[in-house]
Enquirer: 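Handing you this structure, nothing more for now.
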Amino acid sequence: SYTYQCFIKWLCKNEEPEKALQFLPVMLKNDVYPDVFHCCTLVDGMAKHLQRSMAFKLCARMIKLGVEPNVVTYTILINIFSNSSKMHEAYDLFKEMIQKGLPPDAISYTSIIHGYCRIGDMKRAHIFFDEMIKKDLTPDAVSYTSIIHGYCRLGDMKWAWSLFQDMKKKGQQPNVVTFTCMIDGFFKLGRKDMASLLFDDMKQKNIIPDRMTYNTMIANYRRLGHADKASDLLKDMKKEGIC
RNA sequence: ACAAUCAGGAGUCU
């Protein structure tokens with residue numbers, strides 16, 4: 001059964017979720033009944049290939065097969081809505097899962113927070129952020145990074161910075177994604193001083209800048225007319241073997 | 001035994 005799941009996942013990753021779907025009858029024939037794990041793998045696979053409507057049809061089908069949706073199933077769907085800025089629908093699902101006695105976990109909260117950040121509704125994002133803490137769920141580095149990114153996008157680096165400090169205080173170490181968001185946020189405000197400070201800081205903390213971090217640095221330096229710094233970074237990038 | 005793995009969440013440019 002686990003083997004099947006791996007296989008399904010592999011098919012989805014290789015851009016062939018259709019084949020994974022056709023594989024379902026084969027499983028049934030072999031008396032292997034898909035459980036909620038298989039279905040989640042599939043639904044998520046569909047979602048990532050932008051076959052969103054397919055993902056929902058699949059959910060209906062899994063219910064017919066007697067597989068009850070769980071927290072993960074709901075979170076995948078919430079995430080689909082969040083990533084397409086359909087927060088009304090996302091919130092409906094959020095309420096629905098609570099009604100069904102499936103309390104949202106930290107990842108569910110992070111997904112919906114991310115959605116509100118996407119549409120720039122930081123007020124609601126923050127309400128959910130506070131609510132998850134009230135419910136004794138610990139925001140992890142991804143949760144913090146989501147909301148920090150939301151503030152960075154809006155150029156609100158005061159809030160971004162205070163959350164950046166807060167996460168460290170709470171024992172959640174910023175990772176390469178967090179730093180990249182902060183760096184980009186400062187650049188967008190023209191604060192290249194802060195951006196390069198953070199870039200040095202992350203390296204000092206042994207957080208290795210990845211391709212996206214370098215892209216961020218290079219694109220922003222170019223935009224601000226520092227072709228020299230951009231090409232220096234390009235050299236560093238090659239030296240580090242990132243490319 | 002340890003480690004690795006063990007369905008869902010975050011970043012740049014185009």
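Model, not experiment: these values are computed from the prediction. Lettering of chains follows the sequences in order, A, B, ..., and the numbering in each one begins at 1.
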Enquirer: Heavy atoms from C-beta onward define the side chain here; which of B:G11, B:A7, B:C13 lies closest to that of A:Thr213?
Expert: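 Out of B:G11, B:A7, B:C13, the nucleotide with an atom closest to A:Thr213's side chain is B:G11.
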Enquirer: At their closest point, which heavy atom of A:Asp236 faces which heavy atom of A:Tyr214, and how far apart are they?
Expert: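 Taking A:Asp236 first and A:Tyr214 second, the nearest heavy atoms are CB-OH, 4.0 Å.
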Enquirer: Where the side chain of A:Ser108 is defined as all heavy atoms beyond and including C-beta, which of B:G9, B:G8, B:A7 is the nearest nucleotide?
Expert: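 Of all the options, the side chain of A:Ser108 is nearest to B:G8.
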Enquirer: Which class fits the ring pair A:Phe164 and A:Trp161: parallel under 30°, tilted 30 to 60°, perpendicular over 60°?
Expert: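 If you compare the ring of A:Phe164 with that of A:Trp161, the planes turn out tilted.
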Enquirer: Among B:A10, B:G8, B:G11, which is the nearest nucleotide to the side chain of A:Asp105?
Expert: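 Selected nucleotide (nearest to the side chain): B:G8.
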Enquirer: Tell whether A:Ser146 reaches the base of B:G11 with its side chain through a donor-acceptor pair below 3.5 angstrom.
Expert: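 No, the side chain and the base share no sub-3.5 Å donor-acceptor pair.
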Enquirer: For A:Ile218 and B:G11, what is the distance between atoms CD1 and C1' respectively, to the nearest whole Å?
Expert: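 Answer to the nearest Å: 16 Å.
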Enquirer: Across the strands shown, which category fits A:Asn70 at heavy-atom distances under 4.0 angstrom: base, sugar-phosphate, nothing?
Expert: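 If one applies the 4.0 Å heavy-atom cut-off, A:Asn70 turns out to touch a base.
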Enquirer: Can you tell me the distance, in whole Å, between the CE atom of A:Met237 and the P atom of B:C13?
Expert: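 Taking atom P of B:C13 as the reference, CE of A:Met237 is at 15 Å.
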Enquirer: Looking at B:G11, B:C13, B:A10, which one has an atom nearest to any side-chain atom of A:Ala219?
Expert: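 Of the options given, the side chain of A:Ala219 lies nearest B:C13.
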Enquirer: The side chain of A:Asn215 lies closest to which of these nucleotides: B:A10, B:A7, B:U12?
Expert: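 Shortest atom-to-atom distance from the side chain points to B:U12.
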Enquirer: Tell me if the side-chain of A:Asn175 makes a donor-acceptor pair with the base of B:A10, cut-off 3.5 Å, by modelled atom types.
Expert: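 Checked by distance alone, the answer is yes.
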Enquirer: Rounded to the nearest Å, what distance is computed from the CE atom of residue A:Met27 to the C1' atom of nucleotide B:A7?
Expert: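 For the pair A:Met27 CE and B:A7 C1', the rounded distance is 13 Å.
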Enquirer: So, does A:Lys188 get its side chain near the phosphate of B:C13, meaning an N or O under 4.0 Å from OP1 or OP2?
Expert: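 Checking B:C13 against A:Lys188, a side-chain N or O does come within under 4.0 Å of OP1 or OP2.
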Enquirer: The side chain of A:Thr145 is closest to which nucleotide in this list: B:A10, B:A7, B:G9?
Expert: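 Selected nucleotide (nearest to the side chain): B:A10.
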Enquirer: Tell me whether the centres of the aromatic rings in A:Phe187 and A:Phe199 are closer together than 6.0 Å.
Expert: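 When the ring centroids of A:Phe187 and A:Phe199 are compared, they turn out to be at least 6.0 Å apart.
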Enquirer: Check this for me: does the side-chain of A:Thr75 come within 3.5 Å of the base of B:G8 through a donor and an acceptor?
Expert: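 Per atom types, the contact qualifies.
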Enquirer: Centroid separation under 6.0 Å, is that true for the rings of A:Tyr109 and A:Phe94?
Expert: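 Yes; A:Tyr109 has its ring centre under 6.0 Å from that of A:Phe94.
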Enquirer: Quickly work out the A:Leu77 CG to B:G9 P distance and round it to whole Å.
Expert: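 Distance check: A:Leu77 CG to B:G9 P gives 12 Å.
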Enquirer: Figure out the OH/P separation between A:Tyr116 and B:A10, and round it to whole Å.
Expert: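 A:Tyr116 atom OH is separated from B:A10 atom P by 17 Å.
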Enquirer: What is the distance from CZ of A:Phe187 to P of B:C13, rounded to the nearest Å?
Expert: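 Distance check: A:Phe187 CZ to B:C13 P gives 12 Å.
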Enquirer: Rounded at 0.5 Å granularity, tell me how far CG in A:Leu198 sits from NZ in A:Lys205.
Expert: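 One finds 8.5 Å between CG of A:Leu198 and NZ of A:Lys205.
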Enquirer: Whole angstrom is fine here: how far is it from CZ in A:Phe7 over to P in B:C6?
Expert: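 Answer to the nearest Å: 19 Å.
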Enquirer: Given B:A7, B:G9, B:G11, which nucleotide is nearest the side-chain atoms of A:Val177?
Expert: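 Among B:A7, B:G9, B:G11, the one nearest the side chain of A:Val177 is B:G11.
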Enquirer: Whole angstroms only, please: what is the CZ-P distance between A:Phe128 and B:G9?
Expert: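 Result: 19 Å.
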Enquirer: Let's see if you can work this out: which of B:A10, B:U12, B:A7 has an atom nearest to the side-chain heavy atoms of A:Met212?
Expert: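 Minimum distance to the A:Met212 side chain belongs to B:U12.
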Enquirer: From the set B:G9, B:A7, B:G11, return the single nucleotide nearest to any side-chain atom of A:Val36.
Expert: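 Ranking B:G9, B:A7, B:G11 by closest atom to the A:Val36 side chain puts B:A7 first.
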Enquirer: Does any N or O in the side chain of A:Asp35 come within less than 3.5 Å of the main-chain N or O of A:His38, such that one atom is a donor and the other an acceptor?
Expert: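 Yes, A:Asp35 side chain to A:His38 backbone: donor-acceptor pair under 3.5 Å.
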Enquirer: Which one, B:A7, B:G9, B:G11, comes nearest to the side chain of A:Asn79?
Expert: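 Comparing B:A7, B:G9, B:G11 against the side chain of A:Asn79, the answer is B:G9.
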Enquirer: Have a look at A:Ser143 and say if it touches a base, only the backbone sugar-phosphate, or nothing, with a 4.0 Å heavy-atom cut-off.
Expert: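 Result for A:Ser143 = base.
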